[in-house]
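All of these numbers come straight from a predicted model, not from anything done at the bench. Quick note on labels: first sequence line is chain A, next is B, and so on, each numbered from 1.
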Amino acid sequence: MKPARFAYERPADLSALLDRLASAEGSVKLMAGGQSLGPMLNLRLVEPDLVLDITGIPELRRAAIEGDTLVLGACVTHADIEDGRVPDLTGGALARVAAAIAYRPVRNRGTLGGSLVHADPAADWVTSLIALGAEVELAARTGRRRLPVDAFVTGALDVALAPGEMLVSVRIPALPPGTAWGYVKHCAKIGEFAHAIGAVRIEPATGRARVVIGAIERAPLVVAEAARLFGGRIGPDFAERFDRAAADGVLREAGMTDAVDRHVHVTILARAVAQAARPAPSTRPVSEAA
Amino acid sequence: MSTNAAPRDDRMPLALTVNGRAVTLRAEPRMHLADVLREELDLTGTHLGCEHGICGACTVLLDGEPARACLTVSGACAGADVTTIEGLDDDPIAGELRAAFNREHALQCGYCTPGMLVAARDLVLRLPDADERRIRAGLSGNLCRCTGYVGIVRAVRGVIADRRARGIAPTTGAQRGLGPVGARLGTPAEAARTPLRPVTATGTNPAPEAAAAPETAAPALEIADDFVPAHRFDQAFTVAHPPDAVFALFGDVEAVATCLPGAVLTGRPSPEMVEGALQVRIGPIAARFRGRARIFRDAPARSGRILGAGSDAGGRSATQGEIRYRVGPGEAPGTAKVDLAVGYTLKGPLAQFGRPGLVRDLAGRLGAEFAANLEARLSGAPAPPAAGLNPLRWLLAALVAPLRRRLAARGARRP
């Protein structure tokens with residue numbers, strides 16, 4: 001349970017980090033809070049030659065609002081979001097997701113960027129940020145680019161980072177007034193990786209919805225033509241119109257053959273839809289919300 | 001693996017404030033904070049249980065906030081203020097908690113208690129009231145195998161209720177900089193720099209021990225005929241060639257291995273037995289499984305069975321697996337549908353990450369690649385490029401590892 005030897009460096013600015021990332025020989029892993037990489041190092045599932053600690057870079061530890069977009073640096077922690085140390089344009093939705101991730105000691109060091117890059121299919125940000133329509137900003141020595149989170153996460157533990165490239169920030173669009181939001185996960189034990197996640201972002205006024213089913217051991221499933229889950233039309237009565245059989249069909253089409261698995265995922269999605277139809281809780285949870 | 005490298009001292013200077021006392025020591029980068037505390041500073045009150053962030057026994061305060069000492073490598077907390085259970089002797093909240101734990105019989109063996117007290121202290125500070133559900137949720141990251149938690153929860157409730165009754169308000173935790181606790185900005189970068197070990201000659205950085213391991217005979221693993229897999233799944237894919245051609249190709253072990261990304265044969269395969277290795281990679285995990293497999297074919301039924309076993313280079317993760325396949329006609333004339341039934345058992349560290357669904361996803365993605373390569377080969381296209389670029393494969397390896405042959409599939413079915 002001890003990591004294999006690795007060299008360790010902690011650059012103090014981004015350009016030095018990107019240079020080092022591009023030039024280092026051998027295998028290199030970036031580390032932020034180390035709450036996903038740490039276990040893999042300890043189990044020796046990962047044995048990098050060099051660990052580049054990115055927490056010494058001020059730019060990655062900032063939060064800002066740009067227009068109607070919240071920009072969070074890669075090293076912002078779950079606890080930072082939970083406690084409201086960063087601005088919020090989502091009516092508390094981000095804080096509620098953050099507060100239920102793992103355990104408080106993990107949230108105090110675990111980061112938004114690290115979680116996304118690790119891309120465990122059962123991780124909270126992977127599914128919730130896809131539902132919120134967030135983007136990631138990636139940087140390399142040669143320049144920067146942005147990708148929607150659903151294009152960034154390409155599979156279980158697999159993301160669209162090119163060699164020499166890293167995630168520097170996450171761009172989360174505001175939830176406009178009148179937008180319904182629901183996020184529900186199922187864990188057998190609080191704090192463990194979820195067995196099912198449902199995330200919905202519904203605009204009853206425009207009839208648009210983004211419905212995401214997560215924790216399916218691959219990249220989250222974004223339901224195409226979400227209206228079919230609501231009898232073909234999305235309106236203020238979306239919760240009553242939610243069609244479990246249609247959701248079951250979506251999962252069946254996606255190849256989920258186990259009826260029990262489908263039942264669990266459909267139930268969690270139904271709960272997320274029901275939650276979206278209720279007014280958002282006025283108080284922020286202080287700790288893990290089941 | 002450290003045995004590859006010549007002995008060298010790669011310890012780096014580390015300055016910390018521990019329980020109010022400035023300390024300077026030298027620690028290897030790979031050493032985590034809990035070992036620094038226990039081994040270098042003799043602060044053995046910080047306990048180690050799981051060492052991967054689940055059990056909570058190693059929870060300490062980093063810059064005043066609870067964090068996992070086992071998941072904080074030494075360099076990552078340079079300059080930080082560390083408080084261990086030993087440093088809470090004079091802390092008023094910890095004092096109240098100790099009295100309450102004593103009163104409520106909130107400990108038995110005591111192994112979880114240091115971490116439990118640190119976590120409980122954080123709840124006492126933050127929770128607005130003594131809500132049992134929130135206390136239980138808040139303690140979910142600290143495992144106790146003696147008490148059943150009843151006494152612990154009662155103790156924490158009592159302390160919170162008492163403090164709130166005395167008019168002590170909860171804290172919000174709002175006043176601190178962004179980023180992981182204990183990770184100080186402005187720590188001199190030069191201090192946090194250690195030499196890279198010599199890079200292996202092979203360049204592409206597979207798991208280092210794998211690069212150094214000579215391709216000699218595979219370990220002689222027993223393959224039990226009556227093997228009962230712990231996990232099973234079915235997959236299928238189609239190939240735009242007739243079933244007979246596909247089945248014939250499956251009989252050519254070397255051809256199948258070429259179609260399987262990451263596979264290398266060691267020694268000459270016979271129709272009944274094959275030895276080899278499979279390099280797999282998913283995200284940051286790179287593993288190389290070596291082993292052997294027995295091959296059974298039933299030509300009239302165009303079906304077969306591959307039964308294999310293998311282990312990774314360190315011998316820490318091992319797998320045994322079985323693939324049954326059947327080649328039948330596809331929906332369109334002249335095409336074949338390959339049905340696979342995969343069963344496997346995985347042991348060791350990889351198994352802790354090897355959630356069955358992840359294995360299926362990997363099998364699906366690996367299978368898609370295999371099917372495409374198979375298709376190309378049957379069409380007379382050049383051999384696929386050597387493995388190494390594709391980022392998705394490992395566990396599948398695990399199961400199927402030893403069987404040079406891959407199988408899996410994807411098509412429309414990806415649970």
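A pairwise comparison of heavy atoms in Ala79(A) and Arg176(B) identifies CB-NH2, 3.6 Å as the closest pair. The two residues Asn108(A) and Glu65(B) come nearest to each other via the heavy atoms ND2-CB, 3.7 Å. Taking every heavy atom of both residues into account, Val86(A) and Leu178(B) meet most closely at CG1-CD2, 3.8 Å. Across every non-hydrogen atom of Pro180(B) and Thr55(A), the tightest pair is CG-CG2, 3.8 Å. Taking both residues in full, the closest heavy atoms of Gly179(B) and Asp80(A) are given as N-OD2, 2.8 Å, listed atom of the first, atom of the second, then distance. In this structure, Glu28(B) and Arg5(A) approach most closely via the heavy-atom pair OE1-NE, 3.4 Å.
Distance CD/Gln35(A) to NE2/His52(B): 12.5 Å, rounded to 0.5 Å. A distance of 8.0 Å separates CG of Asp234(B) from OG1 of Thr257(A), quoted to the nearest 0.5 Å. Rounding to the nearest 0.5 angstrom, the gap separating the NZ atom in Lys189(A) from the CG atom in Leu143(B) is 5.5 Å.
Among Cys70(B), Ala119(B), Ala67(B), the residue with the largest count of heavy-atom pairs under 4.5 Å with chain A is Ala67(B).
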### Task
Could you please spell out the steps behind the salt bridge (Lys or Arg N to Asp or Glu O under 4.0 Å) verdict for Lys2(A) and Glu51(B)?
CA-CA 8 Å; Lys2(A) 309 297 180 189; Glu51(B) 279 193 282; 2.8 Å; yes
#### Entry: CA sep, side-chain torsions, deciding dist, call: Leu71(B), Leu37(A), side-chain contact (heavy atoms from CB on, under 4.5 Å)
CA-CA 8 Å; Leu71(B) 297 185; Leu37(A) 182 58; over 6 Å; no
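Using a 4.5 Å cut-off between heavy atoms, Leu48(B) contacts chain A through its side chain alone, with no backbone atom that close. If you measure heavy-atom distances from Val60(B) to chain A, you find no contacts under 4.5 Å at all. Of the two parts of Leu221(A), neither the backbone nor the side chain holds a non-hydrogen atom closer than 4.5 Å to a non-hydrogen atom of chain B. Contact of Thr111(A) with chain B is made through the side chain alone, with heavy-atom distances under 4.5 Å. For a residue to count as touching a neighbouring chain, one of its non-hydrogen atoms must lie under 4.5 Å from one of that chain's; by this rule Asn142(B) does not touch chain A. For Ala63(A), the parts sitting under 4.5 Å from any heavy atom of chain B are the backbone and the side chain alike. In this structure, chain A has no heavy atom under 4.5 Å from any part of Leu61(B).
Checked by atom type and distance alone, the side chain of Tyr103(A) never pairs as donor or acceptor with a backbone atom of Gly56(B) at under 3.5 Å. The backbone N or O of Phe6(A) sits nowhere less than 3.5 Å from a side-chain atom of Arg30(B) that would complete a donor-acceptor pair.
Inter-residue side-chain proximity for Asp53(A) and Val73(B) is flagged as unmet; no heavy-atom pair is nearer than 4.5 Å. For the pair Arg104(A)/Thr59(B), no side-chain contact is recorded, criterion being any heavy-atom separation below 4.5 Å from C-beta on. The shortest side-chain heavy-atom distance between Arg109(A) and Arg68(B) does not fall under the 4.5 Å cut-off.
Residues satisfying the side chain to side chain contact (heavy atoms under 4.5 Å, CB included) criterion with Ala151(A), sequence neighbours excluded, are Leu147(A), Pro148(A). Annotation: side chain to side chain contact (heavy atoms under 4.5 Å, CB included) contacts of Asp129(B) (sequence neighbours excluded): Asp131(B).
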